[in-house]
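Written out below as structure tokens is the structure these notes cover.
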Amino acid sequence: MRFALVGDHTDGLDMARALTASGRHELRLYSGPAAGLQHLQRLGLTPRSVGDLESLLVDPQLDAVIVAGSPTVRAAQLRRALQSECHVLCVHPADPSPDIAYEAAMIQADVGRVLLPLLPMTLHLGLKRLKELPLTSRMLELEIWSTEEVLLEIAVAGHKSSLPCWDVLRFVGGEIAEVFVLSSVAELGEGRPVVVSGRFLSGSLFQATYLPNQAESRWRLTLVTATGRATLAFAQGWPGSAQLTHTDEQGESRTESYDAVNPWTALVERFEQAVEAAAGKKPQPGMLAQECLTKAPTLLGWQDELRCLELDDAARRSAERGRSSTLDFQESTEEASFKGTMTLVGCSLIWLTLLVLILSAWIPWLAWFIVPVMGVFLLLQALRWVVPQGDPATKKKKDVV
């Protein structure tokens with residue numbers, strides 16, 4: 001497969017390197033800052049450099065695009081890459097607002113191409129093993145230390161930062177229903193520790209601690225169970241070597257070790273799997289892709305990027321208002337749009353009927369309009385049968401505190 005890289009974000013460069021290292025993909029084009037091209041050349045990659053995104057997308061031999069531009073232009077690059085009907089891999093976060101993720105999901109459904117976020121952490125074998133342990137979770141504890149900043153895109157002036165590892169929490173604990181952010185300031189700022197707590201739809205709780213500017217890097221995820229604690233720890237930070245320690249149901253202590261690996265290799269395999277699956281499907285306008293870390297089978301998909309951006313938005317609201325924020329998972333399908341439109345039309349007809357009844361006291365023949373108007377509304381309801389049915393798993397879920 002021939003692909004192109006747009007921008008010089010570190011994750012995009014790492015993904016480009018992993019794709020070419022597989023021997024099955026070719027980095028054909030690059031568009032972005034000169035520093036990114038120089039980095040690729042040091043890795044032994046020599047793509048042809050083009051001036052802008054449009055010049056890149058006109059190449060008829062292009063199969064896929066890695067969107068890795070700066071945060072200020074990333075959303076526009078993502079939209080344009082999808083419209084070109086290429087497979088797309090996008091750096092996380094795609095945008096501070098979840099709106100671009102909704103739009104991208106709808107475009108993906110129209111063109112039938114693969115769209116994946118660059119979120120490789122949940123593909124780590126140690127994390128998969130932790131999720132598979134036959135233990136009942138009561139609480140998840142995530143702790144991240146870093147010698148630099150922990151929050152994503154925090155150094156970009158005028159740009160809202162994002163919290164990392166929402167995908168990890170959702171992968172192990174399921175969908176998140178409520179978040180509460182504790183910070184020393186109303187806005188998530190540079191160099192400041194952040195504590196996030198909340199609960200999953202399942203009822204279990206979680207707490208995530210982010211500590212920037214520490215003397216050492218450290219990454220640890222702990223599953224608190226009835227028999228003790230199961231901990232996956234990266235002593236030198238992600239993505240180095242890791243150790244999983246836990247107490248089994250018989251009370252025996254267990255330890256499993258994982259060597260440092262290239263996390264992007266697993267994401268290459270996931271991308272190839274998605275491309276193969278997409279080849280046998282036709283575009284389904286209005287029907288969003290269902291692959292997700294919280295559904296069976298557990299597969300990384302664009303729904304995970306969407307959820308991460310929704311959680312970032314909820315976390316910012318919590319920090320600003322000083323109280324917890326609940327999640328309302330909205331459908332972005334034609335079925336949902338139809339229901340909303342019919343609700344609006346139905347309410348309007350009720351008020352119109354009342355108005356006609358009142359006016360008919362002075363103009364009696366107006367009452368005859370009520371029957372045909374209601375008939376038109378019932379006819380519109382018949383259109384419900386031609387609107388595609390959504391997957392029950394995508395139905396709106398709202399948790400009330």
### Task
Give a yes or no answer on whether the side chain of Asp63 reaches the backbone of Arg2 with a donor-acceptor pair at less than 3.5 Å.
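Pair found, side chain donor or acceptor close to backbone of Arg2.
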### Task
Indicate yes or no for a side-chain donor-acceptor contact from Asp304 to the backbone of Gly301 under 3.5 Å, with no hydrogens or angles considered.
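Present.
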#### Entry: Candidate pair Thr209 and Ile144, rule side-chain contact (heavy atoms from CB on, under 4.5 Å), full reasoning
CA-CA 6 Å; Thr209 304; Ile144 302 178; over 6 Å; no
Looking at side-chain heavy atoms only, is the closest gap between [X] and [Y] below 4.5 Å?
{"X": "Met1", "Y": "His87", "value": "yes"}
{"X": "Arg74", "Y": "Leu78", "value": "no"}
{"X": "His9", "Y": "Glu153", "value": "yes"}
{"X": "Arg229", "Y": "His246", "value": "no"}
{"X": "Pro239", "Y": "Pro263", "value": "yes"}
{"X": "Arg220", "Y": "Leu142", "value": "no"}
{"X": "Phe206", "Y": "Val196", "value": "yes"}
{"X": "Arg254", "Y": "Thr247", "value": "no"}

Looking at [X], I'd like to know if its [atom1] atom is crowded, meaning that more than 12 non-hydrogen atoms belonging to other residues, nucleotides or ligands lie closer than 6.0 Å.
{"X": "Glu148", "atom1": "CD", "value": "no"}
{"X": "Gln273", "atom1": "CD", "value": "yes"}
{"X": "Asp52", "atom1": "CG", "value": "yes"}
{"X": "Glu276", "atom1": "CD", "value": "no"}
{"X": "Arg170", "atom1": "CZ", "value": "yes"}

### Note: Glu178-Arg199 ion pair, threshold 4.0 Å (strictly below)
yes
Flag for [Y]-[X]: side-chain donor and acceptor within less than 3.5 Å:
{"X": "Glu310", "Y": "Tyr102", "value": "yes"}
{"X": "Ser197", "Y": "Gln207", "value": "no"}
{"X": "Ser241", "Y": "Asp259", "value": "no"}

For [range], pull every pair meeting ring pair (Phe, Tyr, Trp, His ring centres under 6.0 Å), keeping only residues two or more places apart or in separate chains.
{"range": "residues 213-242", "result": "His124-Phe234, His124-Trp238, Trp219-Phe234, Phe234-Trp238"}
{"range": "residues 259-309", "result": "none"}
{"range": "residues 25-54", "result": "none"}

### Task
Might you work through the side-chain hydrogen bond (donor to acceptor under 3.5 Å, both in side chains) test for Thr231 and Thr222, ending with a clear yes or no?
CA-CA 4 Å; Thr231 300; Thr222 299; 3.2 Å; yes
### Message
Working note: Arg113 + Gln108, criterion side-chain hydrogen bond (donor to acceptor under 3.5 Å, both in side chains); need CA distance, chi angles, decisive distance, verdict.
### Response
CA-CA 6 Å; Arg113 300 299 183 185; Gln108 178 198 19; over 6 Å; no
### Summary
Heavy-atom closest pair (Pro93 atom, Leu309 atom, distance to 0.1 Å) is CB-CD2, 3.7 Å
### Message
Looking at every non-hydrogen atom in both residues, tell me the closest pair between Ser55 and Val50 and how far apart they are.
### Response
CB-CB, 4.3 Å
### Criterion side-chain contact (heavy atoms from CB on, under 4.5 Å) on Leu119 and Leu300, from CA distance to verdict
CA-CA 8 Å; Leu119 293 171; Leu300 176 68; 4.3 Å; yes
### Query
Between Ser325 and Arg317, does a side-chain hydrogen bond (donor to acceptor under 3.5 Å, both in side chains) hold up when you go through it step by step?
CA-CA 7 Å; Ser325 180; Arg317 292 198 306 270; 2.9 Å; yes
### Message
By the definition side-chain contact (heavy atoms from CB on, under 4.5 Å), identify the one residue from Leu57, Val65, Val67 that meets it with Arg80.
### Response
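Among Leu57, Val65, Val67, the one that satisfies the side-chain contact (heavy atoms from CB on, under 4.5 Å) with Arg80 is Leu57.
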### Task
Go through Thr122 and Asp167 one step at a time and tell me if the side-chain hydrogen bond (donor to acceptor under 3.5 Å, both in side chains) criterion holds.
CA-CA 7 Å; Thr122 56; Asp167 53 327; 4.7 Å; no
### Query
Do Leu29 and Phe3 pass the side-chain contact (heavy atoms from CB on, under 4.5 Å) test, and can you show the C-alpha distance, the side-chain angles, and the key distance before you say yes or no?
CA-CA 7 Å; Leu29 300 170; Phe3 70 98; over 6 Å; no
### Query
Yes or no on side-chain contact (heavy atoms from CB on, under 4.5 Å) for Leu163 and Leu311, after CA distance, side-chain angles and deciding distance?
CA-CA 9 Å; Leu163 291 163; Leu311 287 162; over 6 Å; no
